[in-house]
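Letters go in sequence order (proteins before strands), and every chain restarts at 1. Keep in mind the model is a prediction, meaning the values are calculated, not measured.
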Protein chains: 2
Amino acid sequence: MEQRIEKIKQQLQAQSYKLTSQREAIVRILLQNEKDHLSAEEVFMLVREVEPDIGLATVYRTLELLTELKILHKMNFGDGVARYDLHTENSEHHHHHLVCVKCGAVDEIMDDMLGPIEQKVEKEYHFKILDHRLVFHGTCYRCTGLPKPDHLI
Amino acid sequence: MEQRIEKIKQQLQAQSYKLTSQREAIVRILLQNEKDHLSAEEVFMLVREVEPDIGLATVYRTLELLTELKILHKMNFGDGVARYDLHTENSEHHHHHLVCVKCGAVDEIMDDMLGPIEQKVEKEYHFKILDHRLVFHGTCYRCTGLPKPDHLI
DNA sequence: TTGGTTGCAAAGGTTTTGCAGAGTT
DNA sequence: AACTCTGCAAAACCTTTGCAACCAA
């Protein structure tokens with residue numbers, strides 16, 4: 001935890017940004033909820049328990065800054081709010097999402113599986129791929145009563 | 001064109017909705033711009049040339065209705081507006097998008113390619129897939145100076 | 001002192017909603 | 001008449017921005 005905060009601090013300072021107490025509190029919230037995909041409002045609610053005087057605008061500005069620095073992924077599941085996801089060491093380009101249409105849960109697949117498809121796309125569509133987003137909509141194991149898959153965290 | 005309008009009319013009437021002149025004008029705009037991914041505002045601008053008195057709210061309500069009836073796909077490329085895509089006979093579950101980070105162009109891949117991945121996901125993650133969204137971000141053939149791929153429309 | 005940073009409030013942009021009137025069946 | 005549908009305006013929402021005060025190097 002402290003290590004990862006330190007790393008982010010360095011990434012900020014490398015561009016002469018500061019890790020203020022507000023920013024640190026936001027990052028800690030993101031680290032503590034790494035499995036979730038929090039919206040700005042959700043981060044705001046959580047961070048307020050630690051930094052009661054923080055403003056919503058600061059949360060938005062911090063999330064935007066962290067997104068620019070590629071520390072966060074900003075994404076959109078179609079529910080009208082942007083959601084954010086911490087980049088962990090090896091998750092950058094290699095995870096997908098399962099969005100349950102019944103309960104709204106969002107699970108992550110840590111397996112990329114798109115390699116062959118990307119090769120085909122680059123070759124057949126002359127498109128240089130930088131990133132991808134793959135989201136499956138359907139019914140999760142909780143809602144179908146199936147056991148929790150071993151592959152999920 | 002007329003055939004497809006007729007079909008949509010029937011789909012509406014099956015649920016006792018009407019194909020009013022405003023709705024028909026909107027559907028015609030969508031049919032005429034099938035390759036694009038229009039936003040509500042863009043549909044509004046185009047449809048106003050035909051139905052000058054139409055209101056923006058009607059456009060939103062119609063797009064929502066057509067989405068509920070699965071005639072349209074509502075999607076989100078992260079630019080702050082929802083975009084809509086007509087379901088053609090065989091495109092329903094089987095096309096992806098290439099979003100160019102340089103020029104903003106959105107091209108379509110008509111090839112599904114996800115079959116094997118979906119099987120794996122259903123099996124390993126106990127997730128019953130109803131739909132998927134796959135978007136690649138990168139540089140398109142126009143911006144890299146490559147020839148137009150045969151696979152694109 | 002010079003910049004970056006913050007909270008607040010206001011503004012911006014997209015989408016939804018309330019309502020009375022109009023149109024259909 | 002009952003019901004859907006429409007346009008308008010207002011509201012609701014999420015997000016961004018202007019600004020004066022604040023803080024750290």
Can you find a side chain N or O atom of A:Tyr60 that sits less than 4.0 Å from OP1 or OP2 on D:dT15? yes
d(CG, A:Leu69; P, C:dG4) in whole Å: 14 Å
Measure from CD on B:Glu51 to P on D:dG7 and round the result to the nearest Å. 8 Å
Hey, which of these two, B:Ala57 or A:Leu19, hits DNA chain C nearer its 5' end, going by closest nucleotide? A:Leu19
Quick one: is B:Thr58 getting a side-chain N or O under 4.0 Å of the D:dG7 phosphate, OP1 or OP2? yes
Calculate the interatomic distance between B:Tyr17 atom OH and D:dC5 atom C1'; express it in whole Å. 12 Å
Heavy-atom distance under 4.5 Å between the side chains of B:Leu30 and B:Leu66, does that happen here? yes
Nearest-angstrom distance from the residue atom OH of B:Tyr84 to P of C:dT15: 6 Å
Distance, nearest 0.5 Å, that separates CD of B:Glu122 from CD1 of B:Ile129: 4.5 Å
At under 4.0 Å between heavy atoms, what does B:Glu64 touch on the DNA or RNA strands: base, sugar-phosphate, or nothing? nothing
Looking only at D:dG7, C:dT15, D:dC14, the nucleotide nearest the B:Ile54 side chain is D:dG7
Step-by-step ring pair (Phe, Tyr, Trp, His ring centres under 6.0 Å) determination, B:His73 to B:Tyr84: CA-CA 6 Å; B:His73 239 322; B:Tyr84 298 85; over 10 Å; no
Hey, is the side chain of B:Gln22 poking within less than 4.0 Å of OP1 or OP2 on C:dG23, counting only N and O atoms? no
Strictly below 4.0 Å, N to O, side chains only: are B:Glu42 and B:Arg83 in salt-bridge contact? yes
Base, sugar-phosphate, or nothing: which does A:Arg23 touch, judged by heavy atoms less than 4.0 Å apart? sugar-phosphate
Assess whether one donor atom and one acceptor atom, taken from the side chain of A:Arg61 and the base of C:dG4, lie less than 3.5 Å apart. no
Please state how far atom CD1 in B:Ile26 lies from atom C1' in D:dC5, giving the value in whole angstrom units. 12 Å
Length of the CG-P vector between A:Leu65 and C:dG3, whole Å: 19 Å
Does a side-chain N or O from B:Thr20 land closer than 4.0 Å to OP1 or OP2 of D:dT6, or not? yes
Which whole-number value in Å describes the distance from A:Leu66 CG to C:dT5 P? 11 Å
Tested for salt bridge (charged side-chain N to carboxylate O under 4.0 Å, His left out) against A:Arg28, the lone hit among A:Glu2, A:Glu34, A:Glu51, A:Glu49 is A:Glu2
Residue B:Ala82, side-chain heavy atoms: nucleotide from C:dT15, C:dG4, D:dC5 that is nearest: C:dT15
